[in-house]
Amino acid sequence: MPLHIRLTVLGHGDAATGVDVEVAAPADTPLDAVLGSLAATVAPGSAAPGSVYCEDQRLDPRQALLGRPPLVDGAVLAFHRPLEGPGREPVPATLLVVSGPDAGGVHLLRGGEARIGRSADADIPLNDPDVSRVHCALALAPDGTVTVTDLGSTNGTLLNGAPVRRGPQPVRSGSLLRLGESVLRVVTAGAPEQPPPAAPAAPAERSARRGLTGWALGRLGGQEADAPQGPAAAPPRAEPAESRWPDPATLLLTALDAGPRLWERSAAHPDAFTVRLGTVQQAPGVLPPVTVALPRAGSLGLAGPRERITGVARSVLAQLAGLHPPSALQLVALAVDRARDWSWLGWLPHLRPAAGQDCRLLLAFDPRQAAARARELTELLARPHPGRRTVVLVDGDPGDAQARAALTRLAAEGPAAGIHLLVLGETPQPGGLPVGQTLAAANVAAPLLRSCGAVAVLSGPVATALRLTGPAGDAGPTAGADAVSPAWAERFARALAPVGEEVAGAPPAPAVTALPETCRLLDALELSRVTPTALRERWSRHSGLPLVLGTGTQGPAALDLAEARGPLAVDGGAGTGRTELLCALAASLAAAQEPDALSLLLVEGSGEGLRPCAELPHVTSYLGATDPVRMRAFAQALREELKRRAALLGEVDFTAARRRGGRVVALRSAAEEGAPAAEIGALPWLVVLVDDYDALTSPALGAPGRPAAGSVVRALETAAREGQRLGVRLIAAGDVPGAEIRVALSGRPPGRAELRPASGAVTAFQAGRVTARIPRTSTLRPTVSRLDWARAGDPPARRPVRELGNGPTDVALLASAAARAARTDHAGRAATATLV
């Protein structure tokens, strides 16, 4: 399977000409193989550039490999000249924007004076309407000391809660500056931090990265007091609040460095799925955060002018993605006609479909995509994923009545199944309305807000003040809202794009990948070369009935049929790949046990879909539903085999005996009391596979096998009822009574299925194929295509599988190798017996 990585390519180093692309290529393909295609994608007709940079690092196109750092998901390539980077030299001081309408900024102070203000011409611009155009200035002296000077601002500058008077005032490391609704922290290298007045500092975080990011992370310590309690607020815990809920600047540095705080929270973490919305300034130097615990609130609403609530929503989604790994959190976005605002989410690994969803990313930017996402989420209500929650961004009307009804149901029933909505309720600009009027206007625009357990209302003269309200209308303290810019959000998401859970320091977890569009069963069985030697080696490893169904999100989807207490039912209509899956199950069983240890009976309810599997040496009977005489004979033979096994085994349980190891040697019956055990022999497993069981229970009028179908069904029911102890198992496509395990095929694409055992742990997988020809390798040629984020929620493009002419099918290859392996085994045993 080729690797897929997403990159941004800048022509001539100009960010305005950047193009997002997806590259599909075999692993370890050199950049040189796609460089010309990348150049033509940015500017049609362009030739491969003479020099290429990954941000500020020059690459050798012949040595740089796709999928290896730095050519990983989220990378930015520039032609001809490098992008400006942070530099490698030590940074004397850093300014972090820790709270406010433009939170998350990380600004390097290299010396001299830096002016801060709302103006775009300021050295450090802040998008805060309460900040003056040129508000204050920070000066870094050669000896490393920092001073702040207010430049005649309207609202003044506060240093640790005290007004900054005329003239420069010294700023110690760790001090907080308040400008309007923004709070900034100054961090200097090599200087002791100013102790906070209300709480001790938390231990510094460790980082192995060189330069700015590692150094800044090492200097940041938690300094806030515990969070105040509000509607759905998290319960208090004995740990400084900033350490529990890091500010946006710290979160960005953690993502850039893949630091120890990244993805630290599993579902069992005490602060799991709790988000910070803003801060309340109570005492100098202390910023108690306002938080909401989604498991307690159910769903969270944001009400206010669009520019403000989208910034807070970006901050909330970034916190969830930065603190929770994809194995614990799935993100979905329903934002019809708003791809421009939310396409940055596509870089996050939390939006990759890992549960069989038929899309490239869990995004919905048009009504059709929204209907598909709503349907998938509704299905998740009946089969929640243990240990994993889903947060759904709802921005605007999904554009479909059924999708609206689904979202209403999700708001009511979703939290119990681990599904939480983040609902945006837009109010007209500008701000200035009281909290109650703002909330009422937002409820009209987004009726789902009424179902949210907590709603953060942004009000005040410029809508930067936040009040957290509960279902009863009770409001928490007024706070400053934390919002982040679109550029910040994209930089954050790109940093997470290539990260794996084992890299982030989270507990080891299986790699989660999207399901393929098609799966070759031999690949899932790890049988790249189907030879008698390979099969004999597999046969020697297995004692039960291991069944590989296909490829799941965490590797092969498999189960042990020997442990099933009832039949395995395969559900799916025409075109879903049901018969192909039955063929794959027969082949999988044949690859696990030798013919002497396993007998397969194939029964057709209609058609001849199982006939390719009749070549397997394990198949002792193939029955079509068109011959009444053979059907009655088959039913009688199956009943007699069940009676024979019951008589031979006595009180012995076949499965329990096989679990203890070795073959099951039948006990002597009364008629065989004097016979030696060697003459009785070992009983093999017996598996009956039935295609279209429903056609046997309700055969069509005029069907040739209609008179005899009842006898076959009664024999199969007896096998399902009594076969557990006797080493007999039933696999059937259709509505089988007493099914212990079910496989549900959706048909989007064909072979897409879910394994639903009695335990309730649902596994999505792509069913294996065995009747196709060997696929061509020419489909692995490197390709480059533009990324259209508005179409990322569509199903992947369906390309027909190209097969090799009239060559043998995979099941024919397996049957031939199994027959040769069985003959070799018999010959070897005969030679051994002769020698003895």
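Values in this document were obtained by computation on a predicted structure and should not be read as measured data. In what follows, residues are counted from 1 in the order of the sequence shown.
- Here Asp788 pairs with Ala790, Arg791 under the side chain to side chain contact (heavy atoms under 4.5 Å, CB included) rule; sequence neighbours left out.
- Looking at Asp794 and Arg368, a side-chain N of the basic residue comes within less than 4.0 Å of a carboxylate O on the acidic one, giving a salt bridge.
- Looking only at distances, no side-chain donor or acceptor of Arg115 sits under 3.5 Å from a matching main-chain atom of Leu151.
- In this structure, Asp20 CG and Ser343 OG are separated by 7.5 Å, a value rounded to the nearest 0.5 Å.
- Listed by first and then second residue, the salt bridge (Lys or Arg N to Asp or Glu O under 4.0 Å) pairs involving residues 321-339 are Arg338-Asp395, Arg338-Glu426 (not counting sequence neighbours).
- The closest side-chain heavy-atom distance from Leu381 to Arg409 is below 4.5 Å.
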Set out, in order, the CA-CA distance, both residues' side-chain angles and the distance that settles side chain to side chain contact (heavy atoms under 4.5 Å, CB included) for Leu252 and Val484, then state yes or no. CA-CA 11 Å; Leu252 176 61; Val484 296; over 6 Å; no

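- The two residues Leu262 and Gly322 have their closest heavy-atom pair at CD1-O, 3.1 Å.
- Using a 30° and 60° split on the angle between ring planes, Trp342 and Trp344 fall in the tilted class, from 30° to 60°.
- For His324, the ring pair (Phe, Tyr, Trp, His ring centres under 6.0 Å) partners two or more places apart in sequence, or in a different chain, are Phe273.
- In this structure, Arg352 and Leu361 have side chains that are in contact, with non-hydrogen atoms separated by less than 4.5 Å.
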Report the C-alpha distance between Asp397 and Arg404 in whole Å, list the side-chain angles of each, state the deciding distance to 0.1 Å, and finish with yes or no for salt bridge (Lys or Arg N to Asp or Glu O under 4.0 Å). CA-CA 8 Å; Asp397 183 13; Arg404 293 188 203 102; 2.8 Å; yes

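- Atom OG in Ser299 sits 15.0 Å away from atom CZ in Arg450 (nearest 0.5 Å).
- Checked by atom type and distance alone, the side chain of His269 never pairs as donor or acceptor with a backbone atom of Ser266 at under 3.5 Å.
- Of the listed residues (Val131, Val164, Thr149, Leu179), just one forms a side-chain contact (heavy atoms from CB on, under 4.5 Å) with Cys136, and that residue is Leu179.
- For the residue pair Thr8 / Arg494, a side-chain donor-acceptor distance below 3.5 Å is found, with atom types taken as modelled.
- Taking CZ of Arg6 as the reference point, atom CZ of Arg360 lies at 11.0 Å (rounded to 0.5 Å).
- Leu177 has its side chain within reach of Leu138: a pair of non-hydrogen atoms, C-beta onward, lies under 4.5 Å apart.
- The CG atom of Leu363 sits 8.0 Å away from the CH2 atom of Trp789 when rounded to the nearest 0.5 Å.
- Note that CG of Leu95 and CG of Asp123 are 11.5 Å apart. Values are rounded to the nearest 0.5 Å.
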Check the pair Leu126 / Leu184 against side chain to side chain contact (heavy atoms under 4.5 Å, CB included), numbers first and verdict last. CA-CA 11 Å; Leu126 286 178; Leu184 294 71; 4.2 Å; yes

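- With sequence neighbours left out, the ring pair (Phe, Tyr, Trp, His ring centres under 6.0 Å) criterion links His350 to Trp263.
- The shortest side-chain heavy-atom distance between Thr438 and Leu458 does not fall under the 4.5 Å cut-off.
- Of all non-hydrogen atoms in Ala403 and Ala370, the two that sit nearest each other are CB-O, 4.4 Å.
- Heavy-atom contacts from other residues, nucleotides or ligands closer than 6.0 Å to CD of Glu413 number more than 12.
- Using a distance-only test at 3.5 Å, with no hydrogens or angles considered, no donor-acceptor pair links the side chain of Arg265 to the main chain of Leu323.
- At least one donor-acceptor pair closer than 3.5 Å links the side chain of Asp482 to the backbone N or O of Gly100.
- With Gln319 contributing its side chain and Arg276 its backbone, the two residues share a donor-acceptor pair below 3.5 Å.
- Residues meeting the side chain to side chain contact (heavy atoms under 4.5 Å, CB included) test with Ala465, sequence neighbours left out: Thr478.
- With sequence neighbours excluded, no residue satisfies ring pair (Phe, Tyr, Trp, His ring centres under 6.0 Å) with Phe365.
- Residues Gln357 and Cys359 are in side-chain contact: their nearest non-hydrogen atoms beyond the backbone lie under 4.5 Å apart.
- In this structure a side-chain-to-backbone donor-acceptor pair under 3.5 Å is missing from Arg389 to Ala272.
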Does Ser153 form a side-chain hydrogen bond (donor to acceptor under 3.5 Å, both in side chains) with Asp150? I'd like the steps, not just the answer. CA-CA 7 Å; Ser153 62; Asp150 187 85; 2.7 Å; yes

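- The main-chain N or O of Gly298 is found under 3.5 Å from a side-chain atom of His420 such that the two form a donor-acceptor pair.
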Quick one: do Leu96 and Val106 satisfy side chain to side chain contact (heavy atoms under 4.5 Å, CB included)? Show the steps, please. CA-CA 5 Å; Leu96 307 178; Val106 179; 3.9 Å; yes

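- Looking at heavy atoms from C-beta onward, Val499 lies out of side-chain contact with Pro349 at the 4.5 angstrom threshold.
- Heavy-atom minimum distance, Leu448 versus Ala411: CD2-CB, 4.1 Å.
- No side-chain donor-acceptor contact under 3.5 Å links Arg308 to the backbone of Ala303.
- Proximity of a side-chain donor or acceptor of Thr390 to a complementary backbone N or O of Ile419 within less than 3.5 Å is not detected.
- Using a 4.5 Å heavy-atom cutoff, the side chains of Val292 and Val316 are not in contact.
- Residues Thr250 and Val98 form no side-chain contact, since every pair of their non-hydrogen atoms from C-beta on lies 4.5 Å or further apart.
- Remark: the Thr279 side chain and the Ser99 side chain contain an N/O donor-acceptor pair separated by less than 3.5 Å.
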Assess whether salt bridge (Lys or Arg N to Asp or Glu O under 4.0 Å) is satisfied between Arg375 and Asp400, documenting all intermediate values. CA-CA 12 Å; Arg375 181 179 62 251; Asp400 178 87; over 6 Å; no

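- Contact detail for Leu320 and Leu329: the closest heavy-atom pair is O-CD2, 3.3 Å.
- Note that CD1 of Ile116 and OG1 of Thr157 are 8.0 Å apart. Values are rounded to the nearest 0.5 Å.
- Closest approach of Asn127 to Pro101, counting heavy atoms only: O-CB, 3.6 Å.
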Would you sort out whether Ser175 and Leu159 count as a side chain to side chain contact (heavy atoms under 4.5 Å, CB included), showing the intermediate values? CA-CA 7 Å; Ser175 296; Leu159 173 61; 3.8 Å; yes

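- Side-chain N or O atoms of Asn155 include one that pairs as donor or acceptor with a backbone N or O of Asp130 at under 3.5 Å.
- Closest approach of Gly180 to Asp128, counting heavy atoms only: C-OD2, 4.0 Å.
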